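Report on the following structure.
Computed from a prediction, not measured in an experiment: that's the story for all the values here.
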There are 2 protein chains.
Amino acid sequence: MSCLATLKENGFKITPQRKLIADFFHDAESHLTAEEIIAHVHEKMPGVNKSTIYRNLDIFEHLGCVLKSESGDRVIYHHTEEGHHHHLVCVKCGKSMDCDEMLFRPVEKTLRDKYNFRVDFKHQVISGLCENCYKQP
Amino acid sequence: MSCLATLKENGFKITPQRKLIADFFHDAESHLTAEEIIAHVHEKMPGVNKSTIYRNLDIFEHLGCVLKSESGDRVIYHHTEEGHHHHLVCVKCGKSMDCDEMLFRPVEKTLRDKYNFRVDFKHQVISGLCENCYKQP
DNA sequence: TGTATAATTGCAACCGGGTGCATTTACGAT
DNA sequence: ATCGTAAATGCACCCGGTTGCAATTATACA
Ligand SMILES: [Zn+2]
Ligand SMILES: [Zn+2]
Ligand SMILES: [Zn+2]
Ligand SMILES: [Zn+2]
């Protein structure tokens with residue numbers, strides 16, 4: 001379901017600012033950074049305040065339209081309609097690759113069975129070393 | 001080895017500000033937040049600038065005396081002499097429990113074998129639901 | 001279509017953390 | 001003990017993100 005429809009269904013108003021953000025997610029091929037989203041909104045509608053954008057990203061997140069992921073200083077927003085995956089980011093060369101969403105299933109099971117603790121690892125950004133950078137000292 | 005000895009060995013100077021931070025880690029039972037560290041330093045030596053404290057925490061981290069962990073808005077510093085573990089933090093009630101450091105070994109192995117990607121998960125702060133909060137809707 | 005009103009926005013100030021630069025200080029050499 | 005110097009500190013400012021509040025606006029309803 002579209003982000004705007006979800007907004008409406010949950011009693012939120014459809015504002016031009018929200019339309020811009022929702023459309024941008026809809027058109028995006030992949031995840032977006034806050035910076036990219038702000039730049040896009042400002043391009044189409046220069047006056048929009050950053051707090052408006054952040055507040056709306058929070059709303060989309062809580063409605064389940066968008067996933068927010070962070071690892072260290074990275075923050076990524078990810079349209080949930082795209083499907084799920086994790087990211088492997090090399091701390092040396094910066095290269096990034098996608099990774100199967102099942103990766104953390106064993107951890108989730110261990111936490112549930114041994115610790116009675118429920119976790120759902122969604123769209124993690126994982127820092128480490130790629131093959132090349134690992135081989136080179 | 002003591003944090004101060006490590007500083008000296010690596011050519012860093014022993015300043016009163018660094019002594020305060022190192023002693024605080026040494027006396028601490030468990031991990032510390034940046035807030036707690038700043039408060040402690042200010043108590044003993046009111047004029048110290050926050051940038052001095054953050055810079056020194058970075059140095060201790062790079063020397064391996066201290067681990068810095070983050071999950072969302074939480075930042076925790078952890079004296080490495082205490083041993084390693086992960087934290088399970090309930091997003092509803094805030095309760096926190098420690099968790100075995102081996103937890104992510106299967107994930108590390110999968111990443112190495114299938115993706116040629118090296119990760120060392122140290123002292124993660126994991127958000128989820130504890131048993132009580134999971135049962136209650 | 002016009003109006004009432006609650007939701008949303010813009011603003012200004014704030015927060016934790018980080019940085020460039022001038023001043024101060026720890027410490028090795030004398 | 002003094003001194004020279006590189007390293008460390010304090011300061012002032014920056015940055016991304018957040019918050020309280022007054023002004024604006026989308027919408028439900030008359
Ligand atoms: Zn993604
Ligand atoms: Zn790499
Ligand atoms: Zn800890
Ligand atoms: Zn709980």
Do [X] and [Y] make a side-chain contact, defined as non-hydrogen atoms from C-beta onward lying under 4.5 Å apart?
X: A:Asn116; Y: B:Tyr134; result: no
X: B:Thr33; Y: B:Val75; result: no
X: B:Phe24; Y: B:Lys44; result: no

Nucleic acid contacts - residues 12-25 of chain A versus DNA chain D, non-hydrogen atoms under 4.0 Å: A:Lys13, A:Ile14, A:Pro16

Parallel, tilted or perpendicular: which describes the rings of A:Phe60 and A:Phe25, with under 30° parallel and over 60° perpendicular? perpendicular

Quickly work out the [X] [atom1] to [N] [atom2] distance and round it to whole Å.
X: B:Leu7; N: C:dC27; atom1: CG; atom2: P; result: 10 Å
X: A:His62; N: C:dA7; atom1: NE2; atom2: C1'; result: 18 Å
X: B:Phe60; N: D:dA8; atom1: CZ; atom2: C1'; result: 13 Å
X: B:Leu4; N: D:dA8; atom1: CG; atom2: P; result: 13 Å
X: A:Leu57; N: C:dT8; atom1: CG; atom2: P; result: 15 Å
X: B:Leu63; N: D:dA8; atom1: CG; atom2: P; result: 10 Å

Could you write nucleotides 16-21 of chain C as a row of B, S and -, 5' to 3', where a protein heavy atom under 4.0 Å of any base atom gives B, of only sugar-phosphate atoms gives S, and otherwise -? SBBBB-

The residue among B:His78, B:His123, B:Gln124 that forms side chain to side chain donor-acceptor pair (under 3.5 Å) with B:His87 is B:His123

For C:dG10 and A:Thr52 - does any side-chain N or O of the residue sit under 4.0 Å from the phosphate oxygens OP1/OP2? yes

Using a strict threshold of under 4.0 Å (side-chain N to carboxylate O), is an ion pair present between A:Asp113 and A:Lys109? yes

Less than 4.0 angstrom from a charged side-chain N to a carboxylate O is my criterion; do A:Arg118 and B:Glu131 meet it? yes

Any donor-acceptor pair under 3.5 Å linking the side chain of B:Asn10 with the backbone of B:Phe12? no

